[in-house]
Each structure stands twice: as structure tokens, then as C-alpha cells.
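Each remark here refers to the structure printed beneath this line.
All figures in this text were calculated on a predicted structure; none of them were measured in a lab.
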Amino acid sequence: ADKTWSVKDGLLVCTGSPSGFLRTEKSYRQYKFTVEWRFTRPGNTGVVVHMTPPDAVWPKSIECQGMNKSQGDFYLWSGATAKDATPLVGKNGEVRGYRIGRAGADAEKPAGEWNTFTVICDKDTVTILVNDKEVNKLTDANLTSGFIGLQSEGGAFEVKQAVIEPL
């Protein structure tokens, strides 16, 4: 973790490697999570919600994709499910997760500029807003509570602020 996450000049800094996540110590239900971040090296990151133990890469959870130019897709891992999710089938034919792609255009600002990424978790519905624009929503999720995490998966980024608000 020391090589991945640090605090510098009041910012949470992620190098993007190795892959993994930084998560809350407690579990949350019915909340709005907002993070202000910017890429220092474009790549992949995300907000992971409703994470359930055990900690692993990747735990049972809903990933709210933060990849550069793909912010807003959903990935469901390790048994997480939702309505209208498309199976991700591995080379061996096994389903390794599910995906719900966002339908619209990118709402994010260019790498190096600050973006606001908001995830609203309301019962079995998860909504993603990028820079105050709704970009995706999933319904009928089988997970409705859990830890909240920031994902490290190749993209270097900084976080100015992260706020959890109850609904």
C-alpha cells in the first residue's frame, strides 16, 4: 500500500500500481459518495461500492468505472448482479462478472483537470454522475450495502476531496 497510496500536499495520491483498492473501514447503506479527482497519468480507476468481505482483487462488489474516457460503466464482480447486466465470459467459457455500459458520450474533463464523480446508492439502485451529469444507472442489484473503495488499476490520479453523505 505504501507504494500505491500516499498523502502529498493535502491530496490523496494513487500511483495506479499495483492493482487493488483503498476502502472504508465501515460498511454503508443508502448514501451518496462524491470524489473530486484528476488523472496525473490517464488509465483506469473507479469507485467500488457495496464491497463485501473477504478483501480480494476483486471482491464481491459493484465497480463504478472511472477509466479515462470510459467513466460511468458498471462492472459487477464475484457474484454481484443487477437487471440488464451483460455477462463477461472468459476464455474458458466461465462467466467472470457482468457489465452495464453507459449509453451516452463522455462527461469527463481531459486528464489533468479536476472531475467530480458521484455515486448514489439508494436501496437496490446505483446511479453514477460525472461532473453533475447522470451517465448510468443500474437497478435490482443483489447488493445494497458494503464498504466503499477507490480502485487502483493502472491510472495515476489525485483526490482532492471524498465525501460520504447519508440519503
Side-chain angles (χ1 to χ4, degrees), residues 4-6 11-24 28 30-51 57-78 80-88 96-141 143-144 146-165 167:
T4 308
W5 303 97
S6 63
L11 301 173
L12 176 63
V13 177
C14 179
T15 64
S17 181
S19 292
F21 56 86
L22 181 70
R23 71 162 174 84
T24 59
Y28 292 87
Q30 299 282 111
Y31 60 91
K32 176 171 129 177
F33 178 74
T34 302
V35 60
E36 289 182 69
W37 60 17
R38 68 176 172 194
F39 280 107
T40 54
R41 184 183 70 243
N44 196 356
T45 187
V47 172
V48 185
V49 298
H50 302 331
M51 298 168 62
V57 179
W58 295 108
K60 187 174 184 178
S61 60
I62 299 170
E63 177 187 345
C64 304
Q65 182 64 264
M67 181 185 290
N68 183 245
K69 303 213 184 275
S70 291
Q71 291 189 15
D73 292 348
F74 284 108
Y75 288 89
L76 300 103
W77 301 117
S78 303
T81 61
K83 183 178 179 181
D84 299 325
T86 303
L88 298 168
R96 57 183 195 90
Y98 295 88
R99 178 179 183 272
I100 300 172
R102 77 165 198 276
D106 294 335
E108 66 199 82
K109 297 175 186 172
E113 293 185 30
W114 291 103
N115 287 276
T116 301
F117 191 95
T118 302
V119 181
I120 301 169
C121 296
D122 187 8
K123 299 180 181 123
D124 67 350
T125 300
V126 180
T127 305
I128 301 173
L129 294 93
V130 176
N131 296 316
D132 298 320
K133 179 183 176 193
E134 184 176 313
V135 295
N136 209 348
K137 180 182 278 190
L138 69 75
T139 59
D140 297 331
L143 302 176
T144 58
F147 302 115
I148 304 167
L150 293 176
Q151 177 188 36
S152 169
E153 195 177 2
F157 63 96
E158 297 172 328
V159 174
K160 183 182 347 183
Q161 178 173 266
V163 178
I164 303 167
E165 301 171 84
L167 295 183

Is a side-chain donor or acceptor of E108 paired with a backbone partner of K69 at a separation under 3.5 angstrom?
yes

What do the steps show when you test T125 against L138 for side-chain contact (heavy atoms from CB on, under 4.5 Å), and what is the final call?
CA-CA 6 Å; T125 300; L138 69 75; over 6 Å; no

Test T4 against S17 for side-chain contact (heavy atoms from CB on, under 4.5 Å), laying out the working first.
CA-CA 6 Å; T4 308; S17 181; over 6 Å; no

Polar side-chain atom of T24 near backbone of I148 as donor-acceptor pair, under 3.5 Å:
yes

For a quick test of reading the model, state the closest non-hydrogen atom pair linking L76 to A85 and the distance between them.
CD1-CB, 4.1 Å

Minimum heavy-atom distance T15-R41, with the two atoms named:
O-NH2, 3.0 Å

Could you grab the distance from atom OH of Y75 to atom CD of E63, nearest 0.5 Å is fine?
7.5 Å

Looking at Q65 and M67, would you say the former's side chain and the latter's main chain have a donor-acceptor pair under 3.5 Å?
yes

Results of salt bridge (charged side-chain N to carboxylate O under 4.0 Å, His left out) for D106 - residues two or more places apart only
R102

Can you name the salt bridge (charged side-chain N to carboxylate O under 4.0 Å, His left out) partners of R96, sequence neighbours left out?
none

In Å, rounded to the nearest 0.5 Å, how long is the span from NZ of K160 to CG of N115?
10.5 Å

With V130 as partner, the option from T116, V135, N136 fulfilling side-chain contact (heavy atoms from CB on, under 4.5 Å) is V135

Could you label the plane-to-plane angle of the W37 and F117 rings as parallel, tilted or perpendicular, counting under 30° as parallel and over 60° as perpendicular?
tilted

Using a 3.5 Å cut-off and no angle test, enumerate the donor-acceptor pairs between side-chain atoms of residues 42-51 and protein atoms at least two apart in sequence or in another chain.
| residue | atom | partner | partner atom | Å |
| --- | --- | --- | --- | --- |
| N44 | ND2 | E153 | OE1 | 3.1 |
| T45 | OG1 | Q151 | O | 2.6 |
| H50 | ND1 | S145 | N | 3.4 |

May I have the step-by-step check of side-chain contact (heavy atoms from CB on, under 4.5 Å) for L12 and W5, ending in yes or no?
CA-CA 7 Å; L12 176 63; W5 303 97; 4.2 Å; yes

Heavy-atom side-chain proximity of K60 to L143 below 4.5 angstrom
yes

Sort and list the pairs that fulfil salt bridge (Lys or Arg N to Asp or Glu O under 4.0 Å) and have at least one residue in residues 114-133, not counting sequence neighbours.
none

Can you classify the ring geometry of Y31 versus Y28 as parallel (below 30°), tilted (30 to 60°) or perpendicular (above 60°)?
perpendicular

Is S152 reaching over with its side chain to a backbone N or O of P18, donor-acceptor style, under 3.5 angstrom?
yes

F21 side chain reached by P59 side chain, heavy atoms, under 4.5 Å:
yes

Between E158 and R38, is there a side-chain N and carboxylate O pair less than 4.0 Å apart?
yes

Nearest heavy-atom contact between A80 and S61 is CB-O, 3.3 Å

Could you walk me through whether N131 and K109 satisfy the side-chain contact (heavy atoms from CB on, under 4.5 Å) test, starting with their C-alpha distance in whole Å, then the side-chain angles of each, then the deciding distance to 0.1 Å, before giving a yes or no?
CA-CA 8 Å; N131 296 316; K109 297 175 186 172; 3.8 Å; yes

Residues that Y98 engages under side-chain hydrogen bond (donor to acceptor under 3.5 Å, both in side chains), provided they are two or more places apart:
none

Could you pull out the closest heavy-atom pair between T139 and A82, with the gap in Å?
O-CB, 3.5 Å

For D73 versus G101, what's the shortest heavy-atom pair and its separation?
OD1-CA, 3.6 Å

How close do V159 and W114 get, counting heavy atoms only, and between which atoms?
C-CZ3, 4.2 Å

Kindly write out the residues that satisfy side chain to side chain contact (heavy atoms under 4.5 Å, CB included) with I120, not counting sequence neighbours, or none if the list is empty.
K32, T118, T127, L129, L167

I'd like to check I128 versus F74 (side-chain heavy atoms, cut-off strictly below 4.5 Å). Are they in contact?
yes

